[in-house]
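All values below come from the heavy atoms of this structure, side chains included, with hydrogens, waters and symmetry mates left out. As the structure is a prediction and not an experimental result, all values here were calculated from the model. Below, chain A is the first sequence line, B the second, and so on; all start at residue 1.
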2 protein chains.
Amino acid sequence: MTAAAIDTPKRPRGRPRKTLDERDEGNRRLELVKAAARLFRRKGFDATSTRDIAAAVGMHSGSPFYHFKSKGDLLYAVMEQGMQWALDRQAKVLADEEPAAEQLRRLIRSHFDTLHGPGRDFIPVMLYESRSLTTRQRNGIADLQRQYEAAWVPVLKALSRSGQLRTDASLARLLIFGALNWSVQWFDAKKSASLDKITDAAMALFIREDLQ
Amino acid sequence: MTAAAIDTPKRPRGRPRKTLDERDEGNRRLELVKAAARLFRRKGFDATSTRDIAAAVGMHSGSPFYHFKSKGDLLYAVMEQGMQWALDRQAKVLADEEPAAEQLRRLIRSHFDTLHGPGRDFIPVMLYESRSLTTRQRNGIADLQRQYEAAWVPVLKALSRSGQLRTDASLARLLIFGALNWSVQWFDAKKSASLDKITDAAMALFIREDLQ
DNA sequence: CCTACCGATCGGTAGG
DNA sequence: CCTACCGATCGGTAGG
C-alpha cells in the first residue's frame with residue numbers, strides 16, 4: 001500500500017460507472033465468448049473458424065483479433081468463464097450443514113445444472129476441447145477444476161466412512177464424475193428424464209441408505 | 001448356392017493363400033487404419049492431416065486416397081474396426097451361465113480392456129470423434145453400439161429385479177457406461193490402479209451384495 | 001472495429 | 001502407389 005493509495009480521495013460507493021466505450025468493449029467481448037462457446041460445442045474447436053464466430057456476432061473476419069490475441073485465447077476464455085460460473089453455482093448450494101448424502105445430492109444436481117442448464121455450452125466445451133489448449137492454459141483450467149472438486153472430496157470421504165459409499169473416495173470421485181459428465185453425450189432436455197429424476201437415479205446408483 | 005459352387009473342386013484346408021498383391025493391399029490398408037487411430041486419438045480428427053497419416057506409414061501425401069475415398073471414410077474404418085474387435089472380445093467373455101453380478105463384472109472388465117488395452121486407440125476415437133461422421137456413417141456405428149449394449153441389458157435388468165441395482169436399468173446403463181467411458185480421460189496404465197482393481201471399485205460402487 | 005491481404009496448410013485429383 | 005498440382009480455407013496482421 002503506497003502513500004498515494006492511502007491518500008486517494010473517497011470515491012462514490014458501489015461499482016465505478018464505466019464509460020460507454022468500456023461497457024461496450026466488455027459486452028462485445030462477452031458476446032464473442034458466448035458465440036464461441038455455442039459454436040465450439042456444436043462443431044468442435046478445430047472445425048469452427050474465427051470467421052464463423054465473427055459472423056455470429058455481426059463482426060467482420062479480422063475483428064475478433066481486436067478482442068483476443070488468438071483463437072486459442074478465445075477457447076481459454078470460454079472454459080474459464082464456464083468454470084467461474086460453475087464455481088459460483090456450486091458455492092451457493094453448499095451453504096448449510098446437512099447430512100453428507102444430502103450434500104452429495106445438491107452437488108450432483110448443481111453439476112447437472114452446470115452441464116445442461118439453458119445456454120450452458122461452456123463446460124461441455126471444456127470437457128471435450130482441452131486438447132487444444134497450451135500447457136500453460138491447461139494448467140490454469142486444471143487449477144479451477146481442482147477448486148471445483150475440492151467441495152466433493154470431504155463429502156465423499158464422509159460417505160465412505162459411514163458405509164454409504166463402498167468405494168475408495170478417490171476412485172469413486174472419478175467414476176461418479178464420469179457418470180455425470182457423460183450425460184453431455186445423451187441428455188436431451190426435450191426427450192430425457194428431468195434433471196431432478198436423473199439426480200435421483202444417480203444417487204440411488206451410488207449411495208446406500210443410511211446404515212446407522 | 002449355385003451348381004457351380006457345389007461342383008467347385010476341393011481346395012486345400014485352411015485360409016486360402018492370398019496372392020502377394022492382395023496381401024500387401026490388405027496390410028497397407030490396415031496399417032493406415034492403425035496409424036489413423038493413433039493420430040486421431042492423440043491430436044483429434046480435424047487436427048490430423050492426411051499427410052500425417054501417410055507419413056506415419058511411409059507413404060506420400062496423395063497415397064492414402066488410393067485406399068480410402070476420403071479422410072472421413074478412414075475415420076469410419078477406425079471406428080468400425082474398433083467396434084468389431086470390441087464385440088469379439090465381449091462375445092468371448094459371455095460364454096457360461098453365471099450369476100448376473102459376475103456377468104456384469106466380466107462385461108466391465110472386458111470394456112476396460114477394450115478402452116485401455118495396448119494399442120487400443122480405436123474406441124476412444126469413436127467416443128470422441130463421432131461428430132465428424134456423416135449421418136449415414138453415424139447410423140452404421142450406432143448399429144454396432146446397439147449390438148454391444150444388447151449384451152448388457154438383460155444383465156442389468158436381472159440385477160435390478162434382484163435389488164442389487166437400485167436404478168431403472170436404462171438410466172443405470174447410461175450412468176454406468178459414463179463412469180467407465182470417462183476413464184479414457186484419466187486412466188494411465190503407468191500411474192493408475194490396475195484394470196482389475198478399477199473393475200472391483202466400479203462393481204462396489206454400483207452393485208449391492210446379494211440380498212437373498 | 002473494418003479493409004485488404006498474406007503465407008501456410010489442407011483434402012483431394014489426374015495422369016502415369 | 002507416386003508426382004505434381006489445384007482451389008479453398010484458415011489464422012492472423014498492418015494500417016487506418
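- Atom-to-atom, NZ of A:K71 to C1' of D:dT13 comes out at 17 Å; the value is rounded to the nearest Å.
- In this structure, the nucleotide among D:dG11, C:dA4, D:dT3 sitting nearest to the side chain of B:H60 is D:dT3.
- Remark: C1' of D:dG12 and CG of A:L74 are 14 Å apart, rounded to the nearest angstrom.
- The distance between atom CG of A:D46 and atom P of D:dC10, rounded to the nearest whole Å, is 12 Å.
- Base pairing annotation: C:dC2 forms a Watson-Crick or G-U wobble pair with D:dG15, both donor-acceptor distances under 3.5 Å.
- Here the nucleotide nearest the side chain of B:S70, chosen from D:dC2, C:dT3, C:dG12, is C:dG12.
- Between the CE atom of B:M59 and the P atom of D:dT3 there is a distance of 13 Å, given to the nearest Å.
- When the side-chain nitrogen and oxygen atoms of B:R51 are compared with OP1 and OP2 of C:dC10, none of them lie within a distance under 4.0 Å.
- Rounded to whole Å, the distance from NZ on B:K69 to P on D:dC1 is 19 Å.
- Remark: P of D:dG12 and CZ of A:F65 are 5 Å apart, rounded to the nearest angstrom.
- Residue A:Y66 contributes atom OH, which lies 20 Å from atom P of C:dA4 at whole-angstrom precision.
- Whole-Å rounding puts the B:F68 CZ to C:dG11 P distance at 15 Å.
- The side chain of B:S49 contributes no N or O atom lying less than 4.0 Å from OP1 or OP2 of C:dT9.
- Under the 3.5 Å distance criterion, the side-chain polar atoms of B:S183 are matched with a main-chain donor or acceptor of B:L180.
- Between B:E149 and B:R146 no salt bridge is recorded (no basic side-chain N to carboxylate O distance below 4.0 Å).
- A 4.5 Å side-chain heavy-atom check between A:F206 and A:L156 finds every atom pair outside the cut-off.
- Note: B:F177 and A:W182 fail the aromatic proximity criterion, with ring centroids not under 6.0 Å apart.
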